[in-house]
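Heavy-atom basis, side chains included; hydrogens, waters and symmetry copies ignored.
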Amino acid sequence: MEKIVSDLAGKTYLITGASSGIGAATALALGRVGAHVVLAARREDACAALAQDIVASGGKALVLKMDVSVEADVRHAVAATVAHFGRIDGAFNNAGLLGVAAPLQEGGSADFDAVMRTNVSGVFWSMKYQIEAMRKTGGGAIVNTASIGAQVGFATLSPYVTSKHAVMGLTRTAALEYFQHGIRINAVCPGPVATAMADLGFGSRANLEGAMASAPAGRAGRPDEIAGPVLFLLSSAASYISGHGLVVDGGYTVQ
C-alpha cells in the first residue's frame, strides 16, 4: 500500500462518471493519497461537492461537466485536464449506462444505441484522447470499468452485457498497441455493487442484497472495495500488468 500511495501522490488522474458510486469512491481515494483529481460527469453539482471533500483531504480537484456519449465533450475534458494540471498521468473510464431491462426481443433499438454510445464509444473516445496526451509526456495508466457482465451473461440486460464485452475487447487491443509506449491499459470487472445503478438493475436495494445473500461474500460490494483495485492498477505496483480484466466480485462468478 505504501508504494501505491507514494506513486499516486502529486499525479493527475481523470475520472469519468465521477459524480457517484464507484467513480466517486475512487475520486475520494485518489484525493486522500494526495493526487490531482479531475471529476468529469454530467452532474456538475455532485462533482463540485465531491471536489470540496477531496481538497479537504489534501488533494487537488478540477470539475468538468462532460457527457462521454459526446465526442467533443471527451476531447475537451482531456484538453482541459492538460491545460489545468500540465499533464495526465492516468485515467479511470468509469461512466456507464445500464439501459432498460427487457428480454432481447422486447428491447428497443434506441436503448441499445444509447448504451453502446455511452459504454463503448465513450470508452473508445476517452482512450483515444487520453493516449494522445499520455504519449506526449512519456506514458501513463488507464483503467476501464467493465463488469462481470464481460465474463458471463445476465438475462434481460443484453445491451449492457454486450457493451461490457466490448469494453474488454477495447482494453485488450489497446494494451497490445501501447505497452511499448509506456501506457498500461487494464479494466476492473466489478460484481454487483451497492450503487444506484445496481439498485435499478435488480429493482431495489433489497432485491440486490437478497440476490447476493447466497454468494460467497454474502452481500453486495461497496464502491470503495472497487476503488482500491483501481488505485492498484493505476500505480506502478501494477507495472507488469496490461490488458487484464481484474474481477472484483466477492466470489460471485466462481460459484
Side-chain angles (χ1 to χ4, degrees), residues 14-27 39-43 47 64-78 91-104 107-131 142-175 185-193 195-202 221 223 226-227 229-230 233 243-249 253:
L14 169 62
I15 301 176
T16 72
S19 60
S20 62
I22 295 169
T26 302
L39 305 161
R42 292 178 297 179
R43 294 174 54 213
C47 287
L64 298 174
K65 185 176 176 60
M66 185 192 73
D67 184 341
V68 295
S69 70
V70 179
E71 182 178 3
D73 278 15
V74 178
R75 181 172 61 245
H76 170 73
V78 173
F92 180 34
N93 297 320
N94 173 68
L97 186 65
L98 182 66
V100 178
L104 188 146
S109 296
D111 182 63
F112 184 88
D113 290 345
V115 172
M116 295 298 285
R117 190 169 182 85
T118 295
N119 296 5
V120 183
S121 297
V123 170
F124 172 80
W125 291 325
S126 294
M127 288 200 297
K128 175 182 173 66
Y129 295 110
Q130 291 158 5
I131 288 168
I142 295 172
V143 179
N144 299 319
T145 295
S147 164
I148 57 170
Q151 316 288 329
V152 299
F154 283 92
T156 75
L157 292 176
S158 56
Y160 179 80
V161 169
T162 299
S163 73
K164 293 306 183 178
H165 275 72
V167 168
M168 280 310 310
L170 286 171
T171 299
R172 290 173 177 135
T173 302
I185 303 169
N186 292 289
V188 284
C189 299
V193 175
T195 64
M197 180 181 286
D199 292 347
L200 179 63
F202 282 83
I226 312 302
V230 173
L233 290 172
H244 181 64
L246 178 57
V247 175
V248 190
D249 69 347
T253 54

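- By the 4.5 Å heavy-atom criterion applied to side chains, Cys189 and Val248 are not counted as neighbours.
- Side-chain atoms of Asp249 never come within 3.5 Å of backbone atoms of Pro190 as a donor-acceptor pair (strictly under, hydrogens ignored).
- Taking the side chain as every heavy atom from C-beta outward, Tyr160 and Ser147 approach each other to under 4.5 Å.
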Could you pull out every donor-acceptor pair under 3.5 Å between side chains of residues 115-123 and any protein atom, sequence neighbours left out?
residue, atom, partner, partner atom, Å
Arg117, NE, Ser69, O, 2.8
Arg117, NH2, Ser69, O, 3.4
Thr118, OG1, Ala114, O, 3.3
Asn119, OD1, Leu97, N, 2.7
Asn119, ND2, Leu97, O, 2.9
Asn119, ND2, Ser163, OG, 3.0

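- A pairwise comparison of heavy atoms in Lys65 and Arg42 identifies NZ-O, 2.8 Å as the closest pair.
- Residue Ile185 holds its CD1 atom at 5.5 Å from CE of Met127, rounded to the nearest 0.5 Å.
- A donor-acceptor distance shorter than 3.5 angstrom exists from the side chain of Asp111 to the backbone of Val100, with no hydrogens or angles considered.
- Between Leu39 atom CG and Thr26 atom OG1 the span is 11.0 Å, to the nearest 0.5 Å.
- Scanning all heavy atoms of the two residues, the minimum distance from Cys47 to Ala18 falls at SG-C, 4.3 Å.
- The heavy-atom pair separating Gly149 from Val161 by the smallest distance is O-CG1, 3.2 Å.
- One distance of note links CG of Leu170 with CZ of Phe124; it measures 7.5 Å at 0.5 Å rounding.
- The backbone N or O of Pro103 lies less than 3.5 Å from no partner atom in the side chain of Thr156, so there is not a single donor-acceptor pair.
- Side-chain contact between Ile131 and Ile142 is present, with heavy atoms from C-beta onward closer than 4.5 Å.
- For Arg43, the side chain to side chain contact (heavy atoms under 4.5 Å, CB included) criterion is met by Ser19, Ser20, Asp45, Ala46, not counting sequence neighbours.
- Across every non-hydrogen atom of Ala150 and Met168, the tightest pair is CB-CG, 3.6 Å.
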For this session: List the steps, then state whether side chain to side chain contact (heavy atoms under 4.5 Å, CB included) holds for Ile148 with Phe154.
Result: CA-CA 9 Å; Ile148 57 170; Phe154 283 92; 3.7 Å; yes
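- No donor-acceptor pair closer than 3.5 Å links the side chain of Asp73 to the backbone N or O of Val68.
- Evaluation of the side-chain hydrogen bond (donor to acceptor under 3.5 Å, both in side chains) test over residues 164-175, restricted to residues two or more places apart or in two chains, returns Asn144-Thr171.
- Distance check, rounded to the nearest 0.5 Å: OG1 of Thr195 to CG of Leu98 gives 9.0 Å.
- Looking at heavy atoms from C-beta onward, Leu14 lies out of side-chain contact with Phe92 at the 4.5 angstrom threshold.
- To the nearest 0.5 Å, atom CD1 of residue Ile15 and atom OG of residue Ser126 are 12.5 Å apart.
- Gln130 and Asn93 form a side-chain donor-acceptor contact under 3.5 Å, judged by distance and modelled atom types alone.
- Atom NZ of Lys128 is separated from atom CD of Glu71 by 7.0 Å, given to the nearest 0.5 angstrom.
- In this structure, the side chains of Leu233 and Leu246 come closer than 4.5 Å at one or more pairs of heavy atoms.
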